[in-house]
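Read the structure below first, then the notes.
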Number of protein chains: 2
Amino acid sequence: MQKETLCLGLLSLGPRSGYEIKQMFEGPLSDFYSLSFGTIYPTLNNLQADKYVSCKQHSQSKKPDKKVYTITKKGMELMKDNLLGDASSYIRSGNFGDQIKSEFFLLLLFSKYLPKETMNTVLNERVLYLRQKLEQFKYDGPVPGNLDAIRNEKSVSFIRGLASALIETGLNYMEKNRGKLN
Amino acid sequence: MQKETLCLGLLSLGPRSGYEIKQMFEGPLSDFYSLSFGTIYPTLNNLQADKYVSCKQHSQSKKPDKKVYTITKKGMELMKDNLLGDASSYIRSGNFGDQIKSEFFLLLLFSKYLPKETMNTVLNERVLYLRQKLEQFKYDGPVPGNLDAIRNEKSVSFIRGLASALIETGLNYMEKNRGKLN
DNA sequence: CGTATATATATCAGAATGATATATATAATC
DNA sequence: GATTATATATATCATTCTGATATATATACG
């Protein structure tokens with residue numbers, strides 16, 4: 001997905017600064033996508049130059065000015081057009097469309113070159129890590145401000161439910177079949 | 001995972017050319033990782049310069065020479081050292097470690113901006129696509145030469161089984177919960 | 001006979017990341 | 001009370017990787 005469409009999409013949930021957009025990628029979204037500062041800041045500048053967003057500068061005593069961006073009518077239209085135009089190309093992305101970029105799976109592929117002890121530790125830690133991830137996805141308590149907008153989206157409930165189901169399946173499979181790696 | 005370690009790992013399954021290494025990424029591995037020609041060829045040249053692989057040039061009448069690389073003892077050692085040294089850092093990668101880079105999930109996140117009709121079509125096609133993926137992972141018939149080496153790895157059976165289980169979970173979830181997106 | 005696909009390597013523009021620079025406030029640790 | 005780490009906030013840039021293109025030919029398809 002184009003970085004412009006993504007930034008506009010996030011700004012459609014409410015006005016935000018570049019720093020805050022980065023923060024939005026630190027919740028459940030972080031498992032599916034993220035953008036770096038090096039992408040976010042230039043993108044926002046370009047979107048502003050083309051009037052897809054407007055910007056209000058809040059001067060702060062000693063920190064750099066906080067630049068809060070608001071999506072414009074023109075911006076909303078561009079975002080919707082882009083989403084509609086590219087929708088079909090996203091069908092094959094994700095899990096298991098397209099690619100997972102899983103270095104863990106690569107490690108499994110070459111596990112025969114590692115001591116069994118090492119692999120055992122790795123698999124144990126993987127299970128612990130996935131259990132922790134599962135709790136994160138199921139967690140329904142309060143979250144910091146900029147994550148709230150994401151969390152309240154109906155689609156995010158759907159995605160979190162899917163993620164939880166997938167992790168549970170993965171955990172069960174690992175526990176039942178890890179013996180087959182030896 | 002470093003491109004060097006990955007190329008060495010694939011060459012540990014048998015001598016291959018750059019073109020053939022690219023082909024190895026076109027089977028089940030394609031869902032987890034891949035490298036482009038722009039990465040593979042320079043990497044092989046560097047590995048050769050540092051004696052981690054040797055190279056035999058097979059001249060072909062009118063095509064470019066086929067350069068077949070063989071991993072050296074030094075190369076095997078580097079690969080194993082790298083795998084062992086980085087093993088723990090791969091625990092948090094993949095699904096759902098780290099990141100899936102799912103543009104499909106981003107599309108779901110912004111689905112409220114798309115006509116219901118469009119989303120319905122997208123979800124239908126997604127289901128069809130995943131069913132097709134599932135068949136691919138379950139397929140046990142013959143595969144072209146360079147994929148055979150990958151397919152015969154014990155770890156690949158494990159991974160394919162896991163992938164199948166995950167896709168089945170995803171399909172079931174989608175079918176039961178897609179109504180919640182409206 | 002033209003078109004598409006496969007073999008085979010190489011290079012490079014463009015894009016994205018991860019790190020770093022800059023500057024300060026606040027919280028935690030010792 | 002001093003030091004260290006973390007959080008806020010933007011900007012830039014070297015390095016890295018991809019996706020496309022260039023080059024050249026063989027084979028299959030209709």
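In this text, all values refer to a predicted model and were calculated from it rather than measured experimentally. Keep in mind that the numbers below use all heavy atoms, side chains included, and drop hydrogens, waters and symmetry copies. Labels below follow one simple rule: chain letters A, B, ... track the order of the sequence lines, proteins then strands, and each chain is numbered from 1.
- Residue A:Gln23 is classed as a sugar-phosphate contact, given heavy-atom separations below 4.0 Å to backbone atoms only.
- Using a 4.0 Å cut-off between charged side-chain N and carboxylate O, A:Arg131 and A:Glu168 make no salt bridge.
- Transitive grouping of hydrophobic side chains (ILVMFWY, heavy atoms separated by less than 4.5 Å) brings B:Tyr129 and B:Leu123 into a common cluster.
- The distance from atom NZ of A:Lys56 to atom P of D:dT10 is 16 Å, rounded to the nearest whole Å.
- Distance, B:Ile40 CD1 to C:dT9 P: 10 Å, rounded to whole Å.
- In this entry the distance linking NE2 of A:His58 with P of D:dT8 reads 17 Å, nearest Å.
- Atom NZ of B:Lys22 is separated from atom C1' of C:dT11 by 15 Å (rounded to the nearest Å).
- Under a 4.0 Å N-O distance rule, the pair B:Lys74/B:Asp50 does not qualify as a salt bridge.
- Checking A:Ser54 against A:Tyr69 by side-chain atom types alone, no donor-acceptor pair falls below 3.5 Å.
- Separating the CG atom of A:Asn46 from the C1' atom of C:dA16 is a distance of 14 Å, rounded to the nearest angstrom.
- Proximity of A:Asn182 to B:Lys154: side-chain heavy atoms (C-beta onward) are nowhere separated by under 4.5 Å.
- A salt bridge between B:Asp31 and B:Arg160 is absent, with no side-chain N of the basic residue lying under 4.0 Å from a carboxylate O of the acidic one.
- Regarding B:Lys66, its NZ atom lies at a distance of 4 Å from the P atom of C:dA8, rounded to whole Å.
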Could I get a table of every N or O pair under 3.5 Å where one atom is in the protein and the other is in nucleotides 12-17 of chain D?
{"unit_1": "D:dC17", "atom_1": "OP2", "unit_2": "B:Lys3", "atom_2": "NZ", "d": "3.0"}

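- Residue B:Lys67 places its side chain closer to C:dA10 than to any other of C:dA10, C:dT7, D:dA11.
- The distance from atom CD of B:Gln48 to atom P of C:dT9 is 12 Å, rounded to the nearest whole Å.
- With hydrophobic clusters built from ILVMFWY side chains whose heavy atoms lie under 4.5 angstrom apart, B:Tyr173 shares a cluster with B:Leu134.
- Among the heavy atoms of the strands, none lies under 4.0 Å from B:Glu20.
- In this structure, B:Tyr19 does not reach the C:dT9 phosphate: none of its side-chain N or O atoms is under 4.0 Å from OP1 or OP2.
- Comparing A:Gln2 and B:Val68, the nucleotide of DNA chain C nearest to each residue sits closer to the 5' end for B:Val68.
- Rounded to a whole Å, the CD atom of B:Gln57 is 16 Å from the C1' atom of C:dT7.
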